[in-house]
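Below, chain A is the first sequence line, B the second, and so on; all start at residue 1. What you see below is based on every heavy atom in this structure, not just the backbone, and it leaves out hydrogens, waters and symmetry mates.
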Number of protein chains: 2
Amino acid sequence: MESSDKTKESAKQTFTEYLNKNKLRKTPERFAILDRIYSINGHFDIESLYCYMKENNYHVSKATLYNNINLLLDCKLIIKHNFGDNISQYEKSYNTHTHNHFICTRCGAIKEFSDINIKRTIQSKRIKNFTQLSYSLYIYGVCNKCQTEQEAAEQKKCVKTRI
Amino acid sequence: MESSDKTKESAKQTFTEYLNKNKLRKTPERFAILDRIYSINGHFDIESLYCYMKENNYHVSKATLYNNINLLLDCKLIIKHNFGDNISQYEKSYNTHTHNHFICTRCGAIKEFSDINIKRTIQSKRIKNFTQLSYSLYIYGVCNKCQTEQEAAEQKKCVKTRI
DNA sequence: ATGTATGCAAACCATTTGCAATGAC
DNA sequence: GTCATTGCAAATGGTTTGCATACAT
């Protein structure tokens, strides 16, 4: 069995337990949604999940997607990101409680990374009257591509001015 | 002069320079908006800014607020947060490039804090082909109030079950 | 005088809601 | 059989857009 299949199985089990515990029904739609989500690497929004499922010949309504996304958020099988464009992004989050991102403020490119030092430093932060569960870190800056483009544009401008 | 007034003056100057540089008009609305924003401690959304200005007998349309919020974001005088409820939150950001938050996943309470260790650790992270400008950290967990309430609820449940 | 900025209302669009039909239990 | 869940369509509400008017330059 592949490691991604193993994760999928574990996630399915977690979801089943959650549904049992909360006396919710184990509908085929629910497991189809979970299965599709756990096939996606990286971020996705509702629209792309909707299309992705349709492409795989499984039709679910947007309402059902929203409904179940909330359940999956509640049992921590996915996490939600809001990068600022008012379209919520989600991603699978099996045993991943830390999420670091670089975001280019020019082109909006998002890159994820792991860093044990950052993780340790943040998790060792003790806050009075607050129990830490997880964190999300967003580092903003300019990616190499945009920087190169900007420099080229400025050089062009200087040349123009000189003429 | 109070320190908050000094900050306000500096922000005003930064904004003036930005407007000049980009050949934008220095309208009274623009400076009124900046002034109000720099009187707010903590987060605000467009609706509350709109009301706050109205209360102070300064009417500006929502469209103008959105327009100018974008300018202020562009010249880094404010920053934008998306905490997940699809209502963008903003806050003044004069010389503040780091923003740490605790967020209670139950009641949504948000608390800001500073931490030099976290700041150093994150800023020392070098990413290939990426220039760091600023970061935002969101630590999720449960605040004391919600935890107490939950424990009380569970205790009640246990008592019920026993009976 | 020129053209940008404002205010208002309409449009937009992600998300939520209401409700009849379906199907898990 | 009961009632949670689904699908569809309509409603909601934050944000954007279009356009006539006002006003900074």
Integer-rounded Å distance: D:dA24 C1' and B:Arg30 CZ
10 Å
Of B:Ser61 and B:Asn86, the one whose closest DNA chain C nucleotide lies more 5'
B:Ser61
Does A:Arg25 contact D:dT5 through a side-chain donor or acceptor facing the base, at a distance under 3.5 Å?
no
Indicate whether the side chain of A:Ser48 and that of A:Asp45 have a donor and an acceptor atom separated by less than 3.5 Å.
yes
I'd like to know if the side chain of B:Tyr38 and the backbone of B:Leu77 have a donor-acceptor N/O pair within less than 3.5 Å.
yes
Taken to the nearest whole Å, OH/A:Tyr90 to C1'/C:dT15 is 9 Å
Among C:dT15, C:dG7, D:dT15, the nucleotide that comes nearest once only the side chain of A:Ser88 is considered
C:dT15
Closest nucleotide among D:dT25, C:dA24, D:dT17 to the B:Ala63 side chain:
D:dT17
Would you kindly give the CG-to-C1' distance between A:Asn70 and C:dT16, to the nearest whole Å?
10 Å
Rounded to whole angstrom units, what separation is found between the CG atom of A:Leu71 and the P atom of D:dT5?
8 Å
Specify the residue among A:Tyr50 and B:Ile87 whose closest nucleotide of DNA chain D lies further upstream toward the 5′ end.
A:Tyr50
Could you check whether A:Asn67 gets within reach of a base, just the sugar-phosphate, or nothing at all, counting any heavy atom under 4.0 Å?
sugar-phosphate
Give the rounded distance in Å between these two atoms: CG of B:Asn22 and C1' of D:dA24.
16 Å
Taking 4.0 Å as the cut-off, does a side-chain nitrogen or oxygen of A:Thr64 come that near to OP1 or OP2 on D:dG7?
yes
Base, sugar-phosphate or nothing for A:Asn68? Non-hydrogen atoms, less than 4.0 Å.
sugar-phosphate
Whole-Å distance separating the CG atom of B:Leu24 from the C1' atom of C:dA5
10 Å
What contact category does B:Lys26 fall into here, base, sugar-phosphate, or nothing, at under 4.0 angstrom with non-hydrogen atoms?
sugar-phosphate
Hey, can you tell me if A:Tyr138 and A:His101 have their rings parallel, tilted or perpendicular (30° and 60° cut-offs)?
parallel
How many whole angstroms separate atom CZ of B:Phe31 from atom C1' of C:dT6?
16 Å
State whether A:Tyr66 places a side-chain N or O below 4.0 Å from either non-bridging phosphate oxygen (OP1 or OP2) of C:dT15.
yes
Out of curiosity, A:Ser114 OG to A:Lys119 NZ, how far, rounded to the nearest 0.5 Å?
8.0 Å
